[in-house]
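What follows is a single structure, written as C-alpha cells, with notes after it.
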Amino acid sequence: MLNDYPVYATIATGDLARARAFYEKTLGFSPEMEDATGGILYRSGGTRFLLYASEFAGGATQTVATWMVDDADATVAELAGKGVMFEQYDLPGLKTDEHGIAEMGPFRGAWFKDPDGNILNVGTGPAS
C-alpha cells in the first residue's frame, strides 16, 4: 500500500539553530522549506528529510538516516576534513577501520553523529 509513495527521515533536535548550522554549514544542505512549527525540510537527491525541534531529541541509539553515496571513502574523507568525527565499532558483524569505515557484504559505510547525538550514515552498496 505505501510502496508507491516517497519516504523521508525525520530528525529531532533539542537546539534547532545548532543543528541547522551543522546540517547546512558542515553537511552542505540548503533548506527547501520551513514549516509553521519551525521544522526545516531539506532536499537530498530525490528525497527529503525534516529537521525539527523536540524535547526527545538525541535518544535514538540506532541509525536515523543513511545517504547512499558513490564513493564512501571519498565522502568520509571530505566530511572528516570538515571536522566530522566518525564512530568506531568493534562488534560482531560490524568492525570499522581507522577511518570509521566498515564492510558488510556488499555494503561499505561509516557512521557519525550530529550535535544531538543522532546517528547518521554514509555508504555505498546495492541501493546506491
Q) Mind checking whether Thr124 and Asp70 have side chains closer than 4.5 Å, heavy atoms only? A) no
Anything under 3.5 Å between a donor and an acceptor, one on a side chain of residues 80-94, the other on a protein residue two or more places apart or in another chain? List them.
from, atom 1, to, atom 2, distance (Å)
Gln88, OE1, Thr96, OG1, 3.1
Gln88, NE2, Asp97, O, 3.3

Q.
I'd like to check Thr37 versus Tyr52 (side-chain heavy atoms, cut-off strictly below 4.5 Å). Are they in contact?
A. no
Q: Would you mind reporting whether Ile101 and Asp73 have side-chain heavy atoms less than 4.5 Å apart?
A: yes
Q: Sequence neighbours left out, what passes side chain to side chain contact (heavy atoms under 4.5 Å, CB included) with Gln62? Give chain and number order.
A: Ala60, Val64
Q: Determine, using the 4.5 Å side-chain heavy-atom cutoff (strictly less than), whether Ile40 and Leu50 are members of one ILVMFWY cluster.
A: no
Q: Go through the structure and list residues passing side-chain hydrogen bond (donor to acceptor under 3.5 Å, both in side chains) with Tyr42, not counting sequence neighbours.
A: Glu24
Distance-only criterion, 3.5 Å: show the donor-acceptor pairs between side-chain atoms of residues 110-123 and protein atoms not counting sequence neighbours.
from, atom 1, to, atom 2, distance (Å)
Trp111, NE1, Thr63, OG1, 3.1
Asp114, OD1, Asp116, N, 2.9
Asp114, OD1, Gly117, N, 3.1
Asp114, OD1, Asn118, N, 2.9
Asp114, OD1, Asn118, ND2, 3.4
Asp114, OD2, Tyr23, OH, 2.7
Asp114, OD2, Asn118, ND2, 3.0
Asp116, OD1, Gly14, N, 2.9
Asp116, OD1, Arg18, NH2, 3.0
Asp116, OD2, Thr13, OG1, 2.5
Asn118, ND2, Ala12, O, 2.8
Asn121, OD1, Thr66, OG1, 3.3
Asn121, ND2, Ala110, O, 3.0

Q: Test side-chain contact (heavy atoms from CB on, under 4.5 Å) on Ile11 and Phe49 and set out the steps.
A: CA-CA 7 Å; Ile11 303 172; Phe49 68 93; 3.8 Å; yes
Q: Tell me, please, which residues at least two apart from Ser44 pass side-chain hydrogen bond (donor to acceptor under 3.5 Å, both in side chains).
A: Trp67
Q) Out of curiosity, does Met33 fall in the hydrophobic cluster containing Phe29 (side-chain heavy atoms, cut-off under 4.5 Å, transitive links)? A) no
Q. Cluster question for you: counting only ILVMFWY and a side-chain heavy-atom cut-off of under 4.5 Å, with indirect links fine, are Leu41 and Leu27 together?
A. no
Q.
Please list all pairs meeting salt bridge (Lys or Arg N to Asp or Glu O under 4.0 Å) that have one or both residues in residues 39-50, counting only residues at least two apart or in different chains.
A. Glu32-Arg43, Glu32-Arg48
Q.
If I take atom CG from residue Leu16 and atom CD from residue Glu34, how far apart are they, to the nearest 0.5 angstrom?
A. 8.0 Å
